[in-house]
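Notes for the one structure printed next.
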Amino acid sequence: MARSPCCDKMGLKKGPWTPEEDKILVAHVQKHGHGNWRALPKQAGLLRCGKSCRLRWVNYLRPDIKRGNFSREEEDAIIDLHEKLGNRWSAIAARLPGRTDNEIKNVWHTNLKKRLKKKLATPNSKGHSTAAASKCDSGTWRYT
DNA sequence: AACATGGGCAACCGCCAACAT
DNA sequence: GATGTTGGCGGTTGCCCATGT
């Protein structure tokens, strides 16, 4: 299938978004919506590709996004959903209002790292590899 | 006080599926 | 039905900051 020549276009900005760009994007989306991400940056006067705009909006600028630390309940929900759904971050995010797939993915990776470290530090269950994880009834994780 | 290391997060890349022509 | 376009998703990378040495 054809690949979309998105960010490789010359003259498009990459890297962190500035507050000015955020303002422009928010104002444009609130006024016109985001029917066409590809056309949006041109209409809004942003030197970004549509993908970049969409990502910024979905992961950071959306008004319904809940910022800040994850509660214990949310973490438990992520763990539970991950067990059921696997790495379907968007599906998990859909069940956690105000959270984005990117955020959940980040949390998972950092938590997984922590848990792996913990597990290696306290090898109370011998012979487990690190290939897969499963939840025990106590809420702790086994990497089998 | 300076440097090294690790963690957390935002953003990018590449692929795929759905839709349009 | 074939081809092109767009949006969406998951994996990965790079930067910044906090902490340790």
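Throughout, a chain's letter reflects where its sequence line sits, starting with A, and its residues are numbered from 1. Worth knowing before you read on, the calculation uses all heavy atoms, side chains too, and leaves out hydrogens, waters and symmetry mates.
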Between atom [atom1] in [X] and atom [atom2] in [N], what is the gap in whole Å?
X      : N      : atom1 : atom2 : value
A:N59  : B:dC13 : CG    : P     : 15 Å
A:W89  : B:dA11 : CH2   : C1'   : 18 Å
A:I104 : B:dA10 : CD1   : P     : 13 Å
A:D101 : B:dA11 : CG    : P     : 14 Å
A:N36  : C:dG8  : CG    : P     : 11 Å
A:K51  : B:dA11 : NZ    : P     : 16 Å
A:R88  : B:dC16 : CZ    : P     : 14 Å
A:K14  : C:dT13 : NZ    : P     : 14 Å

Checklist entry - Can you name the residues that form a side chain to side chain contact (heavy atoms under 4.5 Å, CB included) with A:L47, not counting sequence neighbours? => result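 Result, side chain to side chain contact (heavy atoms under 4.5 Å, CB included) vs A:L47: A:K13.
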Checklist entry - With A:R99, which residues qualify under side chain to side chain contact (heavy atoms under 4.5 Å, CB included), at least two apart? => result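 Listed in chain order: A:K66, A:F70, A:E74, A:L96, A:E103, A:I104.
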For the side chain of [X], starting at C-beta, report the closest nucleotide among [options].
X      : options                : value
A:N106 : B:dC9, B:dC12, C:dC9   : B:dC9
A:R56  : B:dA10, C:dC9, C:dG11  : B:dA10
A:N102 : C:dC9, C:dT6, C:dG11   : C:dG11
A:H109 : B:dC12, C:dT12, C:dG10 : C:dT12
A:L55  : C:dG10, B:dC12, B:dA10 : B:dC12
A:W17  : B:dA11, C:dG8, C:dG11  : B:dA11
A:T110 : B:dC12, B:dG8, C:dT6   : B:dG8

Next on the checklist: Between A:D76 and A:R72, does the salt bridge (Lys or Arg N to Asp or Glu O under 4.0 Å) criterion hold? Intermediate values first, please.
Outcome noted: CA-CA 6 Å; A:D76 288 345; A:R72 183 74 201 175; 3.6 Å; yes
Next on the checklist: Over 60° means perpendicular and under 30° means parallel, so tell me whether A:H34 and A:W37 are parallel, tilted or perpendicular.
Outcome noted: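 Parallel, since the angle between the ring planes stays under 30°.
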Checklist entry - Do the rings of A:W89 and A:W108 sit parallel, tilted or perpendicular, given the 30° and 60° boundaries? => result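 Tilted.
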Within the pair [X] and [N], is there a side-chain N or O less than 4.0 Å away from OP1 or OP2?
X      : N      : answer
A:S90  : C:dG8  : no
A:R38  : C:dT6  : yes
A:W108 : C:dG10 : no
A:N87  : C:dG11 : yes
A:R48  : B:dA11 : no

Next on the checklist: Test your reading of the model: is there a side-chain donor-acceptor pair from A:T110 to the backbone of A:V107, 3.5 Å cut-off?
Outcome noted: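 Side chain of A:T110 to backbone of A:V107, a donor-acceptor pair under 3.5 Å: yes, one is there.
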Checklist entry - For C:dG20, what is the paired nucleotide under Watson-Crick or G-U wobble rules, both distances under 3.5 Å? => result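 Here C:dG20 is engaged in a pair, and the nucleotide opposite it is B:dC3.
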